[in-house]
Every structure is written in C-alpha cells, then in structure tokens.
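What follows is a set of notes on a single structure, which appears directly below.
Below, chain A is the first sequence line, B the second, and so on; all start at residue 1.
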2 protein chains.
Amino acid sequence: MSDVARLARVTPMTVSRALRTPALVSKATLARVEAAIVKTGFVPNYVAGSLSSSHSRIIVAIVPTIMNSVFSGMIEGLSEVLRSRNYQLLLGSTNFDLDVEEKLLREFLGWRPAGIVVTGRRHTRGARTMLINSGVPVVETWHLDGEPMDTVVGFSNYNAAYEMARSLIGWGYRKIALIYISAHNNDRSIARRDGYRKALADAGRKLDPGLECEVKFGVGAGRGAAARLLEARPDVDAIMCASDALAAGVLMECMRRGYSVPKDIAVTGFGDVELSAELVPSLTTVHLPRNEIGRRTAQVLLDRIAGDLPAASRYDCGFTIVRRESA
Amino acid sequence: MSDVARLARVTPMTVSRALRTPALVSKATLARVEAAIVKTGFVPNYVAGSLSSSHSRIIVAIVPTIMNSVFSGMIEGLSEVLRSRNYQLLLGSTNFDLDVEEKLLREFLGWRPAGIVVTGRRHTRGARTMLINSGVPVVETWHLDGEPMDTVVGFSNYNAAYEMARSLIGWGYRKIALIYISAHNNDRSIARRDGYRKALADAGRKLDPGLECEVKFGVGAGRGAAARLLEARPDVDAIMCASDALAAGVLMECMRRGYSVPKDIAVTGFGDVELSAELVPSLTTVHLPRNEIGRRTAQVLLDRIAGDLPAASRYDCGFTIVRRESA
DNA sequence: CTGAAAGCGCTTACAG
DNA sequence: CTGAAAGCGCTTACAG
C-alpha cells in the first residue's frame, strides 16, 4: 500500500480511503490512486485490514458433509449472497461427528469470524460455550424445533415428517415402514422419526418397532435396509425414507426384486434433490428450500453484523410435500 | 494473549513459544501457561499471527461447483488432509464461469493464502497473471493434458474418454453416441470429446456429428439429450456420457421409453459416484480417484510450502474403466 | 479533503 | 530458557 501511496504522491491513509470510502477523496487524487493501484497490481491485504479494524469479513459455516446435494445447495445459496457482499466463507464438515464440530469451531474462531453458521441444534458443551462467547451472530440451520440459542433458519423436521406420514395414511397405505439416518447426536433425524411416530399414533395405529430401520446415510444403506425390510415384513405397503438418497436405494432394491412401485409398495423420500424428479418412478418426497435456507442465513447474518436486526430470531423457510409417482 | 501472560507471570513472548514451540519452554512455565490458557479460554488470533509471521495457513480452492459428488469428493479429501495439519480451506465455486474464477481469485488473494488450488487448466489472462504473481504454490487439478503452469494433480481426461470409447468398440457396439457437457471454456470436457473422437477414428470409424450432443450438466440434461438422440437416431446402440449424472438421466429416459439397457442400447458414465453402482442396471463408467486427487493435492501443497518439493511437478492419479451391467 | 500518530495481537530476530 | 524491541500492513481517531 505504501508503494501505491508513493506512486500516487499521497499517504497510505489516503489510499486506504480511496479503497474504502472513495466519496471522501477528491476526484483528482482518486484518479491518481486508482492508476497507481493498477500499475502496481496492488491487492489489499485483508489480514492486516482485519487486524486493525477488528472485523474480518469471514463467515464460518460448519455442515455434516458436503457430499450431499441437500447441504451443498444450502452452501451455494450462502456463499452466493456472501460473495456479493464481499464476505468469504470458511467451510468445514464434521462427518456427523459433534466432537469434530467442536474442534473445527476452535480452529475457525482463531480467524475471528464476523459470523458463524452451524447445522442442527445439538452441540457439545464446549462448542456451545464457544458459540455463546464468540461475541458474533450465530445461526443454527435446518432444525427449527425447540429453544434456539441465538438465531435459527430452517424448517420443522418434525412437522415435515409428520405431514409426509399423514399423507401416506391419507393415500390409503396401511403398513408404513420408516428408514432413517442414525439418530445418534442427530437432532434432525430424531425429529423426523418422532414426527412419523406421532402421525401414526394420531391415526390410531399401533407403533411397531419392526417397521423402523435406523441406518447410515447413503444410497447403499437404503438398499440394504429395503432388502432386510422386504424379507422380514412382507406386510409393509409403504416405505417412508428420511432422505432422498435412502429412497433412491430403496427404489433400486425394489426394482431388483421385481416389485412394482407404487403398486406393490410405495416409497417416499425427504429433501427433493435433482435426481428425485427424474427417477423412474419419480419420487414422492418433501421439498426443502435448500438454496433459500442458505440465502436467508446469509441475509440474517449480514443484517445482524450491520446491527439492523435484533438477536434471537426464528425463520421458518417451510417445506412442501411433493407427490409424484412413487406413492 | 497478554491476559494469559499476566496470569502465568511471563511475557506474551513466552506464551507464544508455549503454543508454537513448547520444547523451548521449561516444564514449569509450560504448565503455568497451559493452566492460564484454560482459565482464560484464550483462542489464539490467527489474523494477528498471520500478519506478523507473513504466513497464513489458509489454502484457497476454487471448483466449478460443489453440487456434484465428483468435486465434493475432492474437496473432502483436500480438507481432511489440510485440517490434520492445521490449515484452513477457503472455498469458492465458479459455476463454470472463468470470469467468476478471476473475481474469486482476486478476493481470495487478499487473505494472502499459503497455497492455491484451481480446477482445470484454462483461466482468464488476469487469473493466470495473479496465479503466477501470487508467489505461492499453485496446483491445477483434474486435467493432466498439456503444459502445466506450476503443479498438476489429476488424470488424463483425454485418455480416460479414449479408453472408454475403445472399450465400447471392443465390446461390439457399432454406433456410439456421445453426450458431453458444454465445452465452452471447459478443457476437461473438450479433452473427453476429443478422446472419444480419436478412439473412433483409430478404429476406422467415420465421425458423425449427429452422434455428438453438447448439453448442460445434470440428470435432466442427460434425459433431454437421450430423448432427442433416441428419436433422431434409432441406429445408435451405445450412448457414452461424459458424466455419471448425464448417464443417470439417459438411463431414466431409456426406462421411460421401454428400452432395455444394455440389450437395446448400452449406456456409460464418467466419474463413478456412489449412486452409479446402485442403479438398475448398474452403470459402466470411468472410476476417478476423487478423494485421492484431493489428498494428493493437499500433500503436494504442504510439501511445497515446507520447501521439500521442487515446483512444477505432475501427478497422475489414474482412472479405471469399471464394467457393470449397463454396457 | 488529507495527514501524522497510535495501535490491532501477534512473531521475528536479537540479547542475555 | 526468557524477555525487550521492532515490525507485519493496515485502520481508527484525531487534527488541520
């Protein structure tokens, strides 16, 4: 910056102003500074800028995994808005492990981010302490149920699963099984399971533990669970899955075994990724506004940073039951 | 840090040493400092550390999109290794637009990263200048063909497509169509198309422009292209796709139209994402070592930063033709 | 509209 | 093994 200043015959302070508040600099000076910047190929040092201004323009986001369109959709929405406002995304994935979340958080906090995004509402005690003491806005995403720590952006996993199960009941299915992702430390997963149970109970159906399969995530896990379920419980006429990937696996297993979907058995997903609409049969699922969750999260964070917004708000981005061919 | 120092009755310099080179601090002092760190909840300020040491522990990575298992697989490999060595990933996606790449690069360079990862070998003139002048190691990934700028980690898209096309010929297919992602500014895509053409030419087949479909990426694009191809060219007996997502779309369209794969028509992909092995029929495709590309890239970068490695190397992570049911 | 001084929180490069 | 001084490249908070 002092090189630029010398070339433009001003002090570094004026270069800094030309960059940040050009309105406060005279036209002639501004032109000289801009020419000098181009000539020197100067790139402002954000590290120095952040240190002296105590404001980093870095937003930290922690997700379970980016190997899933659901989360990458949110990340794309998030980073798009942030980039347009000259904020940068520091991204970490926990592989669904809350201890990893805590470690990532500790590392990331060293960069003194201007805001933090985490997934879900369950955190280790250490992580919770760091989040509260961080002194910056924190947004918890995806999971709306329960008492928020600061701000929450997402939808109700409980309600979404409840509605899907209720829809299946409404469509006439009698034995509805559930395949869901390991609920260990995963509050979204627990909520989906509980929503399913409540819908069945509300319809006067007896809960049947043999109809619930807890598995790892992924297409392969869905196939495996479907295989076991179809063998053990030929009375099942619908399989509700807590993710589209699981449902795709179930669909494939049904196809392998010569079951016709939805005639012999109905299948539903959760998430509505691109593939789901293209599958044969196309997948009945819960549409989640992934991109909007990301964009809204970014917006809230930026407004909070600007001081335009009170803490502790709650944004429900909603969900939609999308009925297609598979149920 | 001075709070910690006061509590431990040492100077900040000793706290810094206790954190970075504990071997140079006496046992007793170390214990006092550690206790003080816990008591104060001190989190080192990396912004200040980077500024004073002129070393940031930030690695910048720019990919076309994270909405694709292929790239997210690389990112996971990359960030896993980086995290284990206490480096952070600053991630950007260009949406396949080289101008966006240049803008991202300009922003990211402000953080004075310790290394840079880009996708492909084609960049705007401005981006190329910034990369060369950055003064830090640069790794270009995915695309091995041609003259490297600095270091390259990936595989030969040309060879992979060539081998797949040659395999199809060897398996007895006569009219092999190609569906590939828009080649505009996408060197990987161009190389795949050229590899396909060369394999056909080497087998003495005449090139037929009507057999090549250039489309956008995604399952839907694959379905659309398949629909057009199947209508226009009933003589086609194999469709080679330049990505697994395209191939999944083709498979779905074939199913809709009652074509039996591979009896009526063969389909192949490129990438080998998780779904591909589970599809019915399972997809014959090119397996890419996505995770390894990421890990190797991280390794090279870290070695280069440590000064253990000469510039301008070339790492071929290879590929494998995986024959499954679809061809 | 522009500048001189001080400081952000660390690390480097000595000195002892 | 520990510390005092200087500096990393900016911005803040004045002063003029």
Assign B:Ser54 to base, sugar-phosphate, or nothing according to its heavy-atom contacts below 4.0 angstrom with the strands shown.
nothing
Taking the inter-plane angle between the rings of B:Tyr46 and A:Trp111 on a 0 to 90° scale, is it parallel (under 30°), tilted (30 to 60°) or perpendicular (over 60°)?
perpendicular
Which residues pass the side-chain hydrogen bond (donor to acceptor under 3.5 Å, both in side chains) test with B:Gln299, not counting sequence neighbours?
none
Between B:Ser52 and B:Arg32, which residue's closest nucleotide on DNA chain D lies nearer the 5′ terminus?
B:Arg32
Would you indicate what B:Met1 reaches in the nucleic acid, counting non-hydrogen atoms under 4.0 angstrom: base, sugar-phosphate, or nothing?
sugar-phosphate
Using a 4.0 Å cut-off on heavy atoms, which residues in residues 15-31 of chain A reach DNA chain C? List them by number, or say none.
A:Arg17, A:Ala23, A:Leu24, A:Val25, A:Ser26, A:Thr29
Taking side chain to side chain contact (heavy atoms under 4.5 Å, CB included) as the test, write out the residues that go with A:Arg128, two or more places apart.
A:His123, A:Ile132, A:Met149
Identify whether any heavy atom of B:Val47 sits under 4.0 Å from a base atom; if not, whether one sits that close to sugar-phosphate; answer base, sugar-phosphate or nothing.
nothing
Tell me every residue that passes side-chain hydrogen bond (donor to acceptor under 3.5 Å, both in side chains) with B:Asp145, counting only those two or more places apart in sequence or in another chain.
B:Ser156
Taking salt bridge (charged side-chain N to carboxylate O under 4.0 Å, His left out) as the definition, give me every residue that meets it alongside A:Arg112, ordered by chain and number, with sequence neighbours left out.
none
Residue pairs involving residues 20-48 of chain B (criterion salt bridge (Lys or Arg N to Asp or Glu O under 4.0 Å); sequence neighbours excluded):
none
Who are the side chain to side chain contact (heavy atoms under 4.5 Å, CB included) partners of B:Ser52, not counting sequence neighbours?
none
Range on DNA chain C touched by chain A, heavy atoms, distance below 4.0 Å:
C:dC1 to C:dG9
For A:Ser313, give me all partners under side chain to side chain contact (heavy atoms under 4.5 Å, CB included), at least two apart in sequence or on another chain.
A:Thr151, A:Tyr315
Dot-bracket encoding of pairs in DNA chain D, which uses [ ] for pseudoknotted crossings and | for another strand, Watson-Crick or G-U under 3.5 angstrom
|||.||||||||.|||
Checking B:Thr124 now: which residues fulfil side-chain hydrogen bond (donor to acceptor under 3.5 Å, both in side chains) with it, not counting sequence neighbours?
B:Glu102
By side chain to side chain contact (heavy atoms under 4.5 Å, CB included) - contacts of A:Arg314 (at least two apart)
A:Leu144
